[in-house]
Amino acid sequence: MNVLPFVIIIPLLGVFSLPLVGLVGKKAREAWALLISGATLGVTSKLLYNVWSTKETLVYTLGAKSPMGQGVGFPVRIVWEVDLLSAIMAFTIAFVAFLAVAYSIEYMRHDTGLEKYYVLILVLELGMLGIVLTGDIFNFYVFLEIMSIASYALVAFRNDTWEGIEAGIKYMFVGSLASSFILLGIALLYGQYGTLTMAYLAEKMAANFTLTAKIALAFLIGGLLFKSGAVPVHMWLADAHPAAPSSISAMLSGLVIKAGGVYVIARIAFSVFGMAVNLRTLGWVIIFFACLTLIVGNAMAVVQTDMKRLLAFSSVGQIGYILLGLGIGLAAYGTKVGEIATAGAIYHTVNHAIMKALLFMVAGAVLHELGTKDLNELSGLAKTMPKTTFAFIVGAAAIIGLPPLNGFASKWLLYESSALFNPFLGAIAIIGTAFCTAAYIRVLYTFLGRPSERVMKAKEPGMAMLLPMFILVGAIILMGLFPWQISKGVMIPAASMLANIKGYVLAVMGGV
Amino acid sequence: MIPFQFITAFLLIFMGVYAFLYKRNLLKLILALDVIDSGIHLLLISFGYRLENNVLPTAPIYTGYETVKAPMVGPLPQALVLTSIVIGVCVLSLAVALTINAYRHYGSLDVNKLRRLRG
Amino acid sequence: MNVLGMDALIQFGILFGVLISAYLTITFRDLLSAAIASAAMSLLLSMEFYMLHAPDVAIAEAAVGAGIVTAVVVYGIAKTERWEREAP
Amino acid sequence: MSDMGLIVKTTARATIPLIGIFGSYIVAHGHLTPGGGFQGGATIAGAGILFLLAFGLNEMRKHYNHHVYSSLEGLGGLAFLGVSMLGFSVAFFYNKLWHSGPFFNGKPGTLLSAGYLPIMNLAVGLKVFTGLVSAMAAIALYRRWRE
């Protein structure tokens with residue numbers, strides 16, 4: 001039995017049936033949301049195993065007589081196309097989303113309007129899964145908008161506070177303009193080439209690359225940099241991520257900016273435009289933005305006093321690392337360095353999703369128990385919330401890149417490849433890490449300092465909040481124990497499958 | 001005759017982006033987004049309307065189920081624009097709802113008043 | 001050729017109307033008038049879609065653009081304020 | 001926004017059923033004539049919005065139940081998903097009912113044809129109508145902000 005369509009069917013079923021299940025009661029609704037996201041996790045892990053063991057690009061054509069396999073023939077139908085990168089992303093999304101749902105059962109207990117909350121969180125998951133699965137550029141736009149609308153609504157979910165509303169409005173207007181740019185790029189591509197299937201588009205583009213396609217590429221990359229929060233346009237991110245409920249911040253920072261931004265940049269740059277455009281130039285453009293993002297994001301994180309805002313700026317900085325790896329992978333396409341850099345970028349995407357989800361959950365636990373996220377009032381938290389502090393230490397050490405944890409391996413791949421490619425870029429990456437270390441050391445210093453009166457009254461959060469956090473801690477430590485096995489066994493093949501543009505095209509076009 | 005539509009579409013997009021950047025009223029920004037989207041829709045639809053040998057193309061749904069004799073308009077952009085219209089109305093409803101909420105908190109529709117968050 | 005010329009003339013007129021109403025939409029200081037101008041733009045645009053042989057889109061644009069969008073924006077104006085304030 | 005005057009109410013009373021019938025026609029003939037689930041649903045929702053505008057929020061409250069509408073919306077979605085799953089032995093979204101269904105497999109161009117498309121149109125029409133009316137009612141239910 002083919003599992004691929006179930007990755008979409010199960011969340012869709014959950015979204016549609018949640019209003020009906022909600023009539024039964026509150027508990028039933030929570031259990032149903034948990035069950036749906038758990039089932040999605042199971043299906044995506046099977047998908048990842050299938051793709052990883054065969055190392056072939058899966059193709060599924062909707063509504064066709066023989067959906068699986070090669071040879072779509074006349075490429076008009078919507079195609080789902082899954083290579084190893086997509087499968088890894090899908091698994092990460094389902095994993096973090098499952099833990100976020102589990103976390104929010106206790107975290108959101110005192111909020112109202114929860115029937116909308118669970119529907120929206122499943123819609124967000126559905127949109128991200130659709131983005132990573134699809135092989136059709138307009139279908140990608142539809143899923144991007146599904147994801148974006150859900151995240152606008154979730155950022156502004158607590159509409160009785162001005163903070164959420166202001167952040168939601170900023171996010172919404174910037175995001176809508178970016179979406180319009182992306183749609184314009186897609187429209188120009190359609191007008192030039194008359195098709196929307198990514199593989200067929202790549203084939204046509206290789207034969208005839210025109211000025212219109214270049215303009216379309218500029219619009220697409222611009223819109224996607226907006227969505228991923230690269231530096232000249234990162235302001236909405238620093239407002240939106242802290243204002244959302246913490247379980248949503250974990251998903252926004254961990255997943256949305258990657259699935260809707262970085263992943264799609266990689267897919268479009270490699271698989272769609274890869275055979276036509278000058279990859280060296282494109283790579284250097286992305287490297288430029290990456291260096292800017294890396295320095296500014298990490299440096300801004302140092303001066304923040306709001307804990308969630310610090311984490312959000314740190315997310316900007318880490319997106320810089322991922323974009324740097326991607327840019328080097330494009331600029332040094334075809335060489336060993338490029339492959340290592342791409343693998344590092346993919347590895348860091350997964351790692352950062354796990355680490356940042358953990359850190360935002362810790363921030364949410366602190367906010368839930370103490371009612372504040374101002375770092376000046378949080379000193380001495382280690383006395384009263386030792387388990388939470390332990391989780392934070394693990395997450396912070398991993399994001400800095402200390403050796404026994406998972407962040408080390410991915411950052412090492414990025415340092416190595418950037419130093420080999422251009423020593424200057426390696427220096428910039430190290431500087432970024434220095435800023436990042438300073439920011440997190442400051443938070444740790446606060447946590448381990450002398451306890452203030454307010455902190456002394458705090459207690460540990462409940463089991464339903466601690467358990468997802470400790471599952472993430474376990475994942476970090478487990479991935480830290482086998483860094484090179486994972487990078488050799490999973491990430492390098494993913495990078496080489498991404499770099500194998502012809503293979504991606506041939507999987508759909510069937511050797512035409 | 002095709003250039004009319006392209007020129008109009010690009011002018012609409014340009015006007016929308018101009019209004020988006022220089023207006024400060026939230027509802028005006030929403031209307032500007034609507035104008036941008038309309039421009040893109042017009043662009044897409046005119047891509048599907050190709051003039052071949054000076055014969056006007058027709059939509060397949062007009063000619064019935066028998067074989068189509070005139071050249072067809074492209075059905076794909078119409079599907080795209082429909083989807084895009086659906087998405088547009090979702091975004092617009094959400095934006096208006098958020099705007100009403102913002103007015104309750106700030107007492108103004110001015111974008112520049114929404115500056116309480118730093119950054 | 002005659003049919004072609006007639007068609008082009010009608011389309012030219014409609015598109016001119018679209019441009020004028022779009023301009024009015026973004027320049028009116030009265031938001032209610034701007035919303036009505038946006039509805040007029042949608043209606044003219046749906047006519048243009050009909051001329052371009054996209055009847056599905058024409059129906060959707062008429063129902064959504066001239067009906068629902070206008071109603072939503074008018075409700076938004078009713079809940080907030082009607083005039084766009086002058087620049088300081 | 002309160003209710004409107006007598007002229008508007010009388011006109012609305014006359015036109016709302018007509019708009020509703022027209023919208024239903026668009027939904028039902030979605031596979032034969034221009035239109036379909038979304039367009040028809042939006043047209044019927046236009047009738048609902050006309051009701052809301054003409055008769056005011058208090059009258060609307062008597063006829064609008066949030067739970068019923070959101071459940072109906074969910075049902076529409078589930079029906080869509082279920083129909084698209086019918087041909088799952090072949091492919092997701094495969095039109096299984098075409099050529100082999102109990103009905104909806106008549107001569108092309110007649111009302112009972114086109115396999116699963118009429119059912120999908122009905123499901124989408126239900127979902128769009130309930131969804132848009134719910135969204136409109138949610139916006140109308142906000143209290144006006146006062147100093």
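We use all heavy atoms of the structure for the numbers below, so side chains are in, but hydrogens, waters and symmetry mates are not. Numbers restart at 1 for each chain; the letters A, B, ... are given by sequence-line order, proteins then strands. Everything numeric here is computed off the predicted structure, so don't read it as measured data.
Looking at every heavy atom in both residues, D:Gln39 comes nearest to C:Ala63 through O-CB, 4.4 Å. Nearest heavy-atom pair across D:Met136 and C:Val72 is SD-CG2, 3.7 Å.
Taking CD1 of C:Ile59 as the reference point, atom CZ of D:Phe38 lies at 12.0 Å (rounded to 0.5 Å). Note: D:Thr43 OG1 to C:Ile68 CD1 = 7.5 Å, rounded to the nearest 0.5 Å.
Of the two parts of D:Leu50, neither the backbone nor the side chain holds a non-hydrogen atom closer than 4.5 Å to a non-hydrogen atom of chain C. Only the side chain of D:Ile49 comes within less than 4.5 Å of a heavy atom in chain C; its backbone stays farther off.
Here the side chains of C:Tyr75 and D:Leu52 are in contact, with some heavy-atom distance below 4.5 Å.
The environment of D:Ile7 atom CD1 is sparse: at most 12 non-hydrogen atoms of other residues, nucleotides or ligands sit within 6.0 angstrom.
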